[in-house]
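I have placed the structure first, in the form of structure tokens, so that the comments after it can refer back to it.
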Protein chains: 2
Amino acid sequence: MSASPPELRLENQLCFAVYSAAHAFAQAYKPHLDPMGLTYPQYLVMLLLWEQDGRSVNELGQPLQLDSGTLTPLLKRMEKGGFVTRQRDARDERVTRIHLTEHGKSLRDKARAIPTALLCASGLTLDQLNNLRDQVRVLGENLRE
Amino acid sequence: MSASPPELRLENQLCFAVYSAAHAFAQAYKPHLDPMGLTYPQYLVMLLLWEQDGRSVNELGQPLQLDSGTLTPLLKRMEKGGFVTRQRDARDERVTRIHLTEHGKSLRDKARAIPTALLCASGLTLDQLNNLRDQVRVLGENLRE
DNA sequence: TGACATCAAATTGTACACAATATAATTGTG
DNA sequence: CACAATTATATTGTGTACAATTTGATGTCA
């Protein structure tokens, strides 16, 4: 077996850098989310509900790129945790609407400190972070085409 | 409930751009890996074994940032799939050594076409890709500190 | 209106990811 | 050498992801 070409070396892969950074982010958020009882994907759902409450499962899944197979059990755990309620839409019984509980709403104030803490942990300036975010966003969009 | 501040909006999060791009990568690799019978994390293991065969579980886990809780079942599936063998090291019975099968070795030739296909799908030039990879790698390292 | 396509969620089954714990082999120290 | 500490892997339990299928509600059109 000859030497592996550079394009096949793990350390040279953009995909692995992204994969690895994604896991590192989840770990970096953990100390901030654990005290609230939220996981990282649940926190992403909270961000969407703080922006706009009462979304359907699909209206959460579209921006997150997640389907009901992932969201239904995740939302059930969030319901059990007292963060949200799940109820059928009276006008269209196919739709399940997700509403924040008072506790869920109140967590937004505690969450305000998180972005600053993560900016610091990233070791980037705000400009660098925004620039990198835009590049990574475009990459994701291209890959999904 | 007042409007959510910009720092708490999902679309503005670097973490989400990275999270989303990581999933997009896994999907983009899928059509190339499915015909081989490999999943994306299994492909990462194959990259390491093509570079150097006969690694221990830890010698795979260290570069991948994965522990035996993830790797042991993954490697068992790869063993069942006929890609690798798992056997205890005779000199230190605590260690499990992972070796490529002939089939596993032979897949490297088929994999050579993948990096080019993904570079194309990323919509980036090779220079842009290398530059972005380095930025994302540094980000991951900073977050892990 | 009634058969049929469509749609939104939920369910099922497989595969990561990771914390916490267990097990077994090896090492270090008195 | 005895034995406690360490090390490597495996196991257990919980929580995502996602493909494929199912269930139930809504829309459409002859």
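Since this is a predicted model, take the numbers as computed values, not measurements. The chains referred to below are lettered A, B, ... by the order of the sequence lines, with proteins before strands, and numbering in each begins at 1.
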- Message: Within the 3.5 Å criterion, strictly below it, is a donor on B/N131 or B/Q135 matched to an acceptor on the partner's side chain?
- Response: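 The criterion, which ignores hydrogens and geometry beyond distance, is satisfied for B/Q135 and B/N131.
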- Message: Please tell me whether A/S20 and B/R144 have a donor and an acceptor in their side chains that are separated by less than 3.5 angstrom.
- Response: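 Yes, B/R144 and A/S20 have a side-chain donor paired with an acceptor closer than 3.5 Å.
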Give a yes or no answer on whether the side chain of [X] reaches the backbone of [Y] with a donor-acceptor pair at less than 3.5 Å.
X	Y	answer
B/S122	B/L119	yes
A/D67	A/T70	yes
A/Q42	A/T39	yes
A/Q128	A/T125	yes

Hey, can you pull the donor-acceptor pairs under 3.5 Å for the side chains in residues 95-106 of chain B, sequence neighbours left out?
residue, atom, partner, partner atom, Å
B/R97, NE, B/D89, OD2, 2.8
B/R97, NH1, B/G54, O, 3.0
B/R97, NH1, B/E59, OE1, 3.4
B/T101, OG1, B/G82, O, 2.7
B/T101, OG1, B/F83, O, 3.2
B/T101, OG1, B/H103, N, 3.4
B/T101, OG1, B/G104, N, 3.0
B/S106, OG, B/H103, O, 2.7

- Item | Shortest non-hydrogen separation from B/L75 to B/R86 and the atoms involved |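 Minimum heavy-atom contact is O-CD, 3.7 Å.
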- Taking all non-hydrogen atoms of both residues into account, name the closest pair between B/F16 and A/P63 and its distance.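 Scanning both residues, the minimum pair turns out to be CZ-O, 3.2 Å.
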- Hey, what do you get for CG (A/L66) to CG (A/L60), rounding to the nearest 0.5 Å?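 That separation rounds to 9.5 Å.
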- Item | Any side-chain heavy-atom pair of B/L118 and A/C15 under 4.5 Å |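 In short, these two side chains do not touch, never coming nearer than 4.5 Å.
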- Task: Tell me which residues in residues 52-64 of chain B put a heavy atom below 4.0 Å from DNA chain C, sorted by number, or none.
- Result: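 Heavy-atom cutoff 4.0 Å gives no residues at all.
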- Quick one, which residues of residues 72-94 of chain B touch DNA chain C with a heavy atom under 4.0 Å?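 Correct list: B/L74, B/R77, B/R91, B/D92, B/E93, B/R94.
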- Query: Base, sugar-phosphate, or nothing: which does A/T96 touch, judged by heavy atoms less than 4.0 Å apart?
  - Reply: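 Sugar-phosphate: the residue A/T96, judged by heavy atoms under 4.0 Å, touches backbone atoms but no base.
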- Query: What is the nucleic acid contact for A/T39, judged by heavy atoms within less than 4.0 Å: base, sugar-phosphate only, or nothing?
  - Reply: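 Sugar-phosphate only.
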- Message: Heavy-atom nearest nucleotide on DNA chain C for B/G69 versus A/L71: which residue maps closer to 5'?
- Response: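 On the 5' side of the pair lies A/L71.
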- Task: Under 4.0 Å from any heavy atom of chain A: name the first and the last nucleotide of DNA chain D that qualifies, 5' to 3'.
- Result: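 Contact boundaries, 5' end first: D/dG15 to D/dT26.
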- Residues touching DNA chain D, which here means a heavy atom under 4.0 Å, drawn from residues 17-28 of chain B: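 Those residues are B/Y19, B/H23, B/Q27.
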- Decide yes or no on side-chain contact (heavy atoms from CB on, under 4.5 Å) for A/M46 and A/M78, but give the supporting numbers first. CA-CA 10 Å; A/M46 293 299 278; A/M78 292 182 74; 3.5 Å; yes
- So, is B/Q65 close to the C/dA17 phosphate, meaning a side-chain N or O under 4.0 Å from OP1 or OP2?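 No, B/Q65 has no side-chain N/O under 4.0 Å of OP1/OP2 on C/dA17.
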- Task: Would you mind telling me which residue lines up with the more 5' stretch of DNA chain D, A/D67 or B/S68, judged by nearest nucleotide?
- Result: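 Looking at DNA chain D, the more 5' nearest nucleotide goes with B/S68.
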With a cut-off of 3.5 Å and sequence neighbours excluded, list every side-chain donor-acceptor pair involving residues 24-33 of chain A.
residue, atom, partner, partner atom, Å
A/K30, NZ, A/D34, OD1, 3.3
A/K30, NZ, A/D34, OD2, 3.0

